[in-house]
Amino acid sequence: MAATAPLQVQHSFAGGVGVTPPPSPAPALPAASGGGGGGVSFGNASLYVGDLDAAVDEGQLYDMFSQVAQVISVRVCRDQTRRSSLGYAYVNFINPQDAANAKELLNFTPLVGKPMRIMFSHRDPSLRKSGYGNVFIKNLDSSIDNKALYDTFATFGTVLSCKVAIDSSGQSRGYGFVQFEQEEAAESAIKRLDGMLINDKKVFVGHFVRQQERKKDNAHTIFTNVYVKNLPESTTDQELNELFEKYGTITSAIVVKDANGKSKCFGFVNFENPDSAAAAVEKLNDFTFSDKVLYVGKAQKKAEREAELRNKFEQEKLKKYEKLQGANLYVKNLDDSINEDKLKETFSPFGTVASCKIMRDQHESSKGAGFVALSSSEEAKKALNEMNGKMIEGKPLYVAIAQRKDQRRSWLQVISLLLLCSFLYVLSHKQS
DNA sequence: TTTGAGCGC
């Protein structure tokens, strides 16, 4: 019998598909750093199952997921009036580990011919809406499926969602998406994989940009109106025209003035064609004119500029939030003599103590517990490893990552569930 | 060639 052709998939690194640099003057692929992360969203035993065929029902999902762990409940989300499936469902487990195992084993398994896309349930839509950490890949070989794409990218960080676009017959369209939890992971994946060969095809890997935005970006590069700021106060329309006319035919050049006719030190120059405008920006931005360093760029509409600023602000906010996740420590079993200053001193060897707090009763005496906020989760982890169990004033210190209030509540729910279980257990034994 | 969709009682 003839040997079957071997699969053209080389497992060259961390379970991913073989990735090689292109033949000529391309950078070598450094060893992929780990940091995969199990993706167990702490305390979350609920899975979101998406990309479902409309025919998939609760029973099929229950049968499928029960093979991995005990399923508490399944819900297919449906249109309220027509009762038709919205193409996604929730599968709930007893504990996060069961959910993680089910996700690991069943992600991308086809159900009624369509691969399920499984994620931890995440009700907060801010990450989904932001486009933060979202990566686009094109020029993928047709042999690369969801799983292969996942394995290749999971070496850079926690992958929340991943998909190869397919046509109606299930064939790869040659492009796909990877949504990382962390923007840093997206950046390192882009840096390492863009232009690399995956199964002999040179792939493009870049930040995902919404179709609409791409059109806008294209419009950005084609413009005739130029904005100039930091002009000397004495500059006239005439002088502005003279400064810009060597780059092409100008249809108007004005310096903006206030009610008294005094220059606001900025203006607009409109060219007849976009090439002239681009050349003017290229040559005159940062140009020193009568001791003033000019800013020259594409003139933006007010709404456009505001949108850009808002976007930037949102991104920064998310980055900050991400950095502070896990940077706050909860400490207990503190001796009553330990105050904020002493606590700060104890934790400063591990990084910057952004804030610290001792919990006190109404008489201002220590409750023996408190919080220490460091400036990153890395610092907090280091401090936890070094300080947990360490003797301070004769008492072993307890250190843990501080939990958010909503997560603490979920622990209460777990405890009530356990109590209920033991109650039922005792009851059933009494009966027999 | 190719730039998604998306979170409950």
Side-chain angles (χ1 to χ4, degrees), chain A residues 39 41 43-54 56-58 61-62 65 71-81 83-93 96 99 102-103 107-108 114-146 149-150 153 159-181 186 189-190 193-194 198 201-221 318 406 409-410 413 417:
Chain A
S41 198
N44 191 354
S46 194
L47 294 180
Y48 168 94
V49 184
D51 292 354
L52 295 176
D53 186 274
V56 171
D57 62 17
E58 280 84 353
L61 288 165
Y62 183 86
F65 284 84
V71 171
I72 294 182
S73 66
V74 175
R75 170 190 203 84
V76 171
C77 294
R78 296 176 188 282
D79 181 284
Q80 279 213 314
T81 51
R83 299 270 80 202
S84 54
S85 167
L86 294 173
Y88 66 90
Y90 295 95
V91 180
N92 301 305
F93 295 87
K103 175 164 121 67
N107 203 7
F108 312 125
K114 282 184 76 183
M116 302 182 280
R117 190 162 49 89
I118 307 177
M119 291 174 276
F120 277 100
S121 163
H122 193 28
R123 294 179 121 108
D124 178 6
S126 56
L127 181 75
R128 287 194 288 274
K129 285 200 299 197
S130 71
Y132 193 74
N134 203 5
V135 172
F136 172 71
I137 305 103
K138 68 180 175 186
N139 206 29
L140 281 172
D141 186 79
S142 59
S143 67
I144 307 286
D145 60 5
N146 289 331
L149 191 67
Y150 182 96
F153 281 80
V159 172
L160 297 178
S161 161
C162 159
K163 177 154 115 178
V164 172
I166 48 171
D167 63 20
S168 53
S169 67
Q171 270 291 308
S172 165
R173 295 188 119 113
Y175 63 96
F177 311 90
V178 176
Q179 169 78 64
F180 283 102
E181 185 174 51
I190 290 166
L193 295 180
D194 183 34
I198 301 186
K201 283 193 80 172
K202 186 171 168 179
V203 294
F204 165 90
V205 182
H207 280 287
F208 169 73
V209 184
R210 197 151 253 115
Q211 174 99 271
Q212 236 182 348
E213 302 281 326
R214 317 187 67 230
K215 287 207 187 102
K216 245 194 269 166
D217 282 355
N218 281 337
H220 268 258
T221 59
L318 263 164
D406 52 344
R409 203 172 308 132
S410 79
Q413 284 158 3
L417 193 70

Without decimals, in angstroms, what is the distance between [X] [atom1] and [N] [atom2]?
{"X": "A/Lys163", "N": "B/dG6", "atom1": "NZ", "atom2": "P", "answer": "9 Å"}
{"X": "A/Tyr132", "N": "B/dG6", "atom1": "OH", "atom2": "P", "answer": "23 Å"}
{"X": "A/Glu213", "N": "B/dG4", "atom1": "CD", "atom2": "P", "answer": "11 Å"}
{"X": "A/Phe136", "N": "B/dA5", "atom1": "CZ", "atom2": "C1'", "answer": "15 Å"}
{"X": "A/Tyr88", "N": "B/dG8", "atom1": "OH", "atom2": "C1'", "answer": "7 Å"}
{"X": "A/Leu61", "N": "B/dG8", "atom1": "CG", "atom2": "C1'", "answer": "14 Å"}
{"X": "A/Ile72", "N": "B/dC9", "atom1": "CD1", "atom2": "C1'", "answer": "14 Å"}
{"X": "A/Phe208", "N": "B/dT3", "atom1": "CZ", "atom2": "P", "answer": "9 Å"}

Handout entry: A/Asn92 side chain to A/Ser46 backbone, donor-acceptor under 3.5 Å
Key =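 Here the side-chain-to-backbone pair does not exist.
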Practice task
Verify, without hydrogens or angle tests, whether A/Asp194 (side chain) and A/Val205 (backbone) share a donor-acceptor contact under 3.5 angstrom.
Solution key: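 Side chain of A/Asp194 to backbone of A/Val205, a donor-acceptor pair under 3.5 Å: yes, one is there.
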Practice task
Check the geometry between A/Tyr175 and B/dT2 and answer yes if their rings are stacked (centres below 5.5 Å, planes below 30°), otherwise no.
Solution key: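 Answer is no, no stack.
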Practice task
Evaluate whether the aromatic ring of A/Phe177 and the six-membered ring of the B/dG4 base sit under 5.5 Å apart, centre to centre, with an inclination under 30°.
Solution key: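 Per 5.5 Å and 30° rule: yes, stacked.
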Mind checking if [X] touches a base, just sugar-phosphate, or nothing, with heavy atoms under 4.0 Å?
{"X": "A/Tyr48", "value": "base"}
{"X": "A/Asp51", "value": "nothing"}
{"X": "A/Asn92", "value": "base"}

With the side chain of [X] defined as its heavy atoms from C-beta on, choose the nearest nucleotide among [options].
{"X": "A/Tyr90", "options": "B/dG8, B/dT2, B/dA5", "value": "B/dG8"}
{"X": "A/Arg128", "options": "B/dG8, B/dT3, B/dG6", "value": "B/dG6"}
{"X": "A/Arg123", "options": "B/dG4, B/dC9, B/dT3", "value": "B/dC9"}

Practice task
Would you kindly check whether a donor in the side chain of A/Ser161 faces an acceptor in the base of B/dG6, or vice versa, at under 3.5 angstrom?
Solution key: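 Counting by modelled atom types and ignoring angles, no donor-acceptor contact under 3.5 Å is found here.
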Exercise for the section: Syn or anti for B/dG6, please, going by whether the chi angle lies within 90° of 0. Expected result: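 Base orientation relative to the sugar is anti.
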Problem - DNA chain B: 5'-proximal contact among A/Asn139 and A/Gln179 (nearest heavy atom) - result: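 So the residue in question is A/Asn139.
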Exercise for the section: Please state whether the phosphate of B/dC9, meaning OP1 or OP2, lies under 4.0 angstrom from any side-chain nitrogen or oxygen of A/Arg75. Expected result: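 Affirmative; the distance criterion is met.
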Practice task
Give a yes or no on whether a salt bridge exists between A/Arg117 and A/Asp51, defined as a side-chain N under 4.0 angstrom from a carboxylate O.
Solution key: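 Counted as a salt bridge, because a side-chain N and a carboxylate O are separated by less than 4.0 Å.
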Exercise for the section: Is it possible for you to check whether A/Lys138 lies under 6.0 Å from the centre of the six-membered ring of A/Tyr175, through NZ or CZ, and within 45° of that ring's axis? Expected result: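 Checked: cation-pi criterion not met.
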Practice task
Say whether A/Ser84 and A/Asp79, considering side chains only, have a donor N or O and an acceptor N or O under 3.5 Å apart.
Solution key: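 Side-chain D/A pair, A/Ser84 to A/Asp79: absent.
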